[in-house]
Amino acid sequence: MFDKFKEWYTNRHDYAKDWKKRKGGKVLGYFCTYVPEELLVAADILPVRILGSHEAQDVTEPHIFGMFCPFCRDCLAQGLKGRYDYINGIMISQSCLHIRQTYNSWVKHIPQEFSYYLYMPHGVQTPHAYPFLHGELEVFKNALEKWIGHPISDKDIDRGIEIVNKNRQLMKQVYEFRKQEEPPLTGLEAMYMVVSSQMVDKEEHNRALEEVLKELPNRKLNRNTGTRLMILGSEDDDTEFVEMLESLDSTLVVDDHCTGTRYFWNEVEPQEDRLAAIAARYIDRPPCPSKDWPERKRFPHILQLAKDYNVQGALVIQQKFCDPHELDMPALRKMLEENGIPTYFLEFDVTVPIGQFKTRVEAFLETFALPDLF
Amino acid sequence: MITAGIDFGAKNVKMVILDDGKIAGRGSTLTGFDLKIAVKDASEMALKAAKLKLDEIAHITETGIGQGSVEFAADSVSEVGANAKAGVKLLPSARTIIDVGAEEARAVKCDESGDMKDFVVNERCAAGAGAFVEAMSRALEVELEQMGPMSLKATEAVPMNAQCTVFAESEVVSLIHAQTPKPNIARAIHDAIAERVISMVRRLGITEDILLVGGLAYDVGFVDAMKRGLGVEVHVPEFPEYVSAYGAALIAQERAKE
Amino acid sequence: MAEIKYQTKPLDIWNEGKALRQQYYENYAKAHEKGGIRWAGGAWAYSAVPAGLGDDVWSLTGEPYGASVAFDKKFAARCHEAIEAKGFARDLCAYLRNYLGSIVLDEYVFGGKFPKPDFQWTTHICCSHAKWYQIASELEGGTPLFCIDVSTGLYQDFDERRREYVVNQLLDGINWLEKITGRDYDDEKLIQAVYNECEATSLWAEICAMNKTIPAPLDEKTMYSLYVFGTIMKHRPEAVAFYRKLRDEVQVRVDNKIAAVGNEQRRVITDTQPPWGFLEVFRYLESYGVVSVGSLYTFSLIGAWEVKDDGTWGPKTTPQEQGIDITTRRQALEILADWTHARPEWQHFYSAQKKSDMMLRIVREWQVDGVLLHYNRGCEGLSLNIAENRLAFKEAGVPVLPFEGNMGDEREFDLERTKKAVDSFLELLGVK
């Protein structure tokens with residue numbers, strides 16, 4: 001029943017090309033989940049998050065300094081290799097430096113009819129961020145209208161908010177099932193679900209989610225749940241790793257990834273001023289570490305997730321060279337361990353040494369079995 | 001006129017003696033710990049081959065990592081400068097010369113007179129080329145000389161992390177544990193190095209003809225990986241590891257005339 | 001070796017600068033002895049704002065502090081070990097590791113214990129700034145922290161609405177400063193600090209612009225020791241006084257063709273912070289008559305620039321030169337925000353093209369023959385877009401040498417390899 005998500009994820013380019021043919025709409029490639037998809041959906045544009053392909057490549061070295069993260073490199077490689085040749089435009093919502101580098105190189109070397117850098121504020125904890133982002137969304141909306149050639153009405157925006165909100169609600173409902181003692185879905189399936197929602201038509205994705213939700217209450221997985229783990233870190237769509245992990249008597253029950261909960265956790269709360277409502281949603285969402293200051297608001301959120309999902313241990317993963325996460329990690333691990341949740345750290349690259357990681361994760365999982373010996 | 005070039009590599013010291021521009025003798029020895037001994041051995045070997053004495057050489061130019069250690073050298077030139085000069089002499093149509101040695105890779109773009117136009121050297125994270133193949137041959141329990149021919153027998157391309165040799169090494173271990181056939185692993189190793197080198201060369205831009213030199217150019221598996229990765233013909237001269245020394249000798253000849 | 005063509009002499013003001021810098025770090029360390037206030041934050045922090053708390057307010061800015069640590073390689077290595085032992089990654093900002101390592105060791109690079117600030121006050125433009133002081137605050141047991149988001153985009157887009165975002169944060173910041181220090185805020189002192197900052201940063205640009213002359217009156221290695229006042233006290237009267245004097249002295253050098261390097265035969269620029277422990281690379285270049293006359297970094301990390309009527313870059317006209325009378329807190333903050341966001345070195349956080357254009361402008365106007373790009377593993381903020389800048393130089397036919405290193409962690413800099421690459425570059429420039 002999760003096959004549809006896997007299929008979309010695997011054949012993302014075919015899907016988008018087909019969508020264009022079917023709907024005759026524009027496709028916008030985007031970086032970072034701070035992009036306000038509501039406005040894109042309102043404009044009948046298909047937002048497609050640019051992700052890597054986890055393959056070795058030799059085309060980005062002229063453009064990206066070697067100590068920038070493997071993810072930003074992998075993304076640019078997809079563009080330079082022409083795999084996103086069907087997109088009509090590209091945009092970024094301001095986040096970390098590394099993905100910004102990818103955007104900068106992309107607009108320079110891969111010509112687009114529309115490109116946009118949204119000045120998403122970093123200071124999401126100051127009250128002044130709300131009017132600031134509100135203003136940025138107005139400027140962005142104007143740019144979109146100019147591109148598509150017609151105005152985006154309040155009604156359109158309402159529809160955009162409704163569709164995207166529904167997608168969030170449905171995915172959250174699916175996540176609810178992961179709280180069960182024997183979750184009826186694996187972490188891998190959940191990963192396919194969320195990542196595919198970043199690349200397909202939200203209405204189609206919603207329909208698939210509704211189907212899944214009908215069947216989930218009666219679904220039984222013929223597997224042992226084992227140790228309940230959460231996975232924390234930056235972008236992560238390393239399905240090979242998750243598959244290996246869940247073959248080791250463990251289940252991923254929740255995450256804090258931008259390819260997971262950070263992407264969909266909170267909704268737009270309707271207000272008369274639609275753009276203010278959208279702005280508030282992005283200011284208030286579970287933050288990327290690059291925006292989580294001066295207070296650490298991400299930590300209590302993570303701890304709450306750990307409690308709600310009855311987490312036994314946490315895998316803290318990061319894209320190699322990802323500074324925002326590296327800056328959070330020591331304090332994050334300390335916080336979790338003080339709360340009785342052991343952590344294990346793994347550094348991800350474009351590909352991971354799966355055999356070596358298996359040995360390490362096995363050792364980590366063994367620590368949960370130890371008390372039973374006595 | 002007799003001139004010579006001497007090249008300090010990470011692994012070997014190489015010397016080439018020219019008699020009116022024609023190669024009269026070559027010598028090579030392990031760099032080892034004592035550079036002076038290495039210089040003495042390599043030069044004696046080259047002099048013996050050329051049937052010459054040291055004082056008969058009009059001008060000696062050195063290149064490579066240990067510059068300044070040859071007491072009898074008149075001056076020095078960079079490896080990329082030497083490669084440009086030698087590359088065009090060996091293959092007049094060559095415009096990009098890629099040099100892959102034990103530890104470092106470098107590439108130079110040049111004009112028809114063998115003058116350098118631009119160059120690149122590998123970043124630190126991408127260090128380790130020939131030495132990596134050597135270490136991996138031990139991990140695979142295969143003779144070093146067999147690594148190339150064996151990789152040509154690969155039946156499948158196995159993807160491997162190409163950015164960093166430390167990571168790549170642990171991937172090789174994973175592949176061994178997964179009982180991947182040795183030829184496929186050997187190819188993955190060559191592909192990974194080729195990919196790193198090509199990444200670097202792309203910074204220069206790929207301008208044909210391409211000449212591949214340095215010790216790793218002996219490895220047919222690596223040459224094959226370079227051809228596949230670049231998608232264009234890759235030429236390899238005879239005695240590829242002597243190219244820098246040969247270039248230094250050619251420059252010595254120019255400088256002696258000045 | 002290149003022949004000596006020009007007369008040269010050391011700067012008269014050199015020792016005065018050295019003393020001023022030393023005095024500053026001492027004033028910070030000893031502030032509490034005289035009832036003064038200490039704060040810490042980034043070199044790009046709005047330092048004029050805490051100045052409204054009084055004349056006895058001293059700051060410790062993290063980046064120049066990190067650079068000072070880098071000069072002491074042994075101490076830097078101990079800082080790195082100390083902070084890595086706390087679980088921090090070694091690829092993080094090298095200044096940050098030098099600074100946080102000092103807190104963990106409880107040692108000040110200028111001697112004594114690490115002088116803990118009374119509060120942290122910083123801006124956030126790269127991924128590390130606010131996080132740096134968040135961690136510093138935690139390591140120090142909870143020093144109060146205020147961070148101002150300045151990631152409002154390119155200056156060409158810095159309209160009133162975006163400026164308001166910054167100004168409103170600063171106004172909040174002033175209330176916060178009053179609350180945590182218990183002092184009344186003096187707007188007159190703020191206004192004076194704004195005038196000072198505008199003048200000091202404009203003067204620095206004026207000094208850098210004099211380096212367009214051949215022979216260059218200053219070399220970049222020397223400029224590193226001079227721009228530092230803009231990073232530690234850009235709002236203070238001492239900085240203004242020093243730069244006025246320096247400007248006059250450099251003018252005399254220009255008028256009398258006094259060179260920084262007597263054998264100048266080729267001019268280069270660099271980019272990003274240098275590997276501080278290895279400035280001998282510059283001396284090596286100079287031995288072949290190759291002089292670094294500056295960089296976008298050295299010119300505009302603090303320098304305030306504008307395009308003059310003839311289309312070239314020159315010092316930005318200050319509010320006082322424009323006859324603007326600053327009378328209110330809000331007006332002072334608006335002027336300061338506008339001034340700050342025009343900073344050239346901030347533009348490249350948003351656009352590779354903008355940075356390439358600015359660097360190519362420097363190549364033209366400063367009569368530059370080649371460019372050295374430091375692929376600085378210690379600072380991702382300033383290395384952002386560096387590979388694209390390299391491509392832009394190639395396209396423009398400007399010889400360029402990328403070399404890898406780290407501004408503050410010597411483990412990542414290979415002097416011999418770099419010298420070898422420099423040799424090849426010298427051959428390319430036709431001087432070796």
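Chain naming here is simple, since letters A, B, ... match the order of the sequence lines and numbering starts at 1 in each. What you see below is based on every heavy atom in this structure, not just the backbone, and it leaves out hydrogens, waters and symmetry mates.
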Legend entry - Residue part contacting chain C, namely of Val108(B), when any heavy atom lies under 4.5 Å: neither
Legend entry - Neighbour count above 12 (heavy atom, 6.0 Å) for Glu395(C) CD: no
Inset, instruction - Mind listing the closest non-hydrogen atom pair of Lys394(C) and Leu204(B) along with its distance? - result: NZ-O, 3.0 Å
Legend entry - Student check: side-chain heavy atoms of Asp115(B) and Glu427(C) closer than 4.5 Å: no
Inset, instruction - Could you go through the side chain to side chain contact (heavy atoms under 4.5 Å, CB included) check for Asp423(C) and Glu79(B) one step at a time? - result: CA-CA 10 Å; Asp423(C) 280 341; Glu79(B) 287 126 317; over 6 Å; no
Legend entry - Test: Lys420(C) and Glu104(B) ion pair at under 4.0 Å: yes
Legend entry - Atom pair CZ/OG of Arg106(B) and Ser424(C) - distance to nearest 0.5 Å: 8.5 Å
Inset, instruction - Answer whether the closest heavy-atom distance between the side chains of Leu401(C) and Phe119(B) falls below 4.5 Å. - result: yes
Legend entry - CG-CZ distance between Asp118(B) and Phe393(C), expressed to the nearest 0.5 angstrom: 13.0 Å
Legend entry - Side chain proximity check, Arg203(B) to Pro402(C), heavy atoms < 4.5 angstrom: yes
Inset, instruction - Side-chain contact test, heavy atoms from C-beta onward, threshold under 4.5 Å: evaluate it for Ser78(B) versus Lys432(C) and give yes or no. - result: no
Legend entry - Atom group of Phe403(C) that falls short of 4.5 Å from chain B, counting heavy atoms: neither
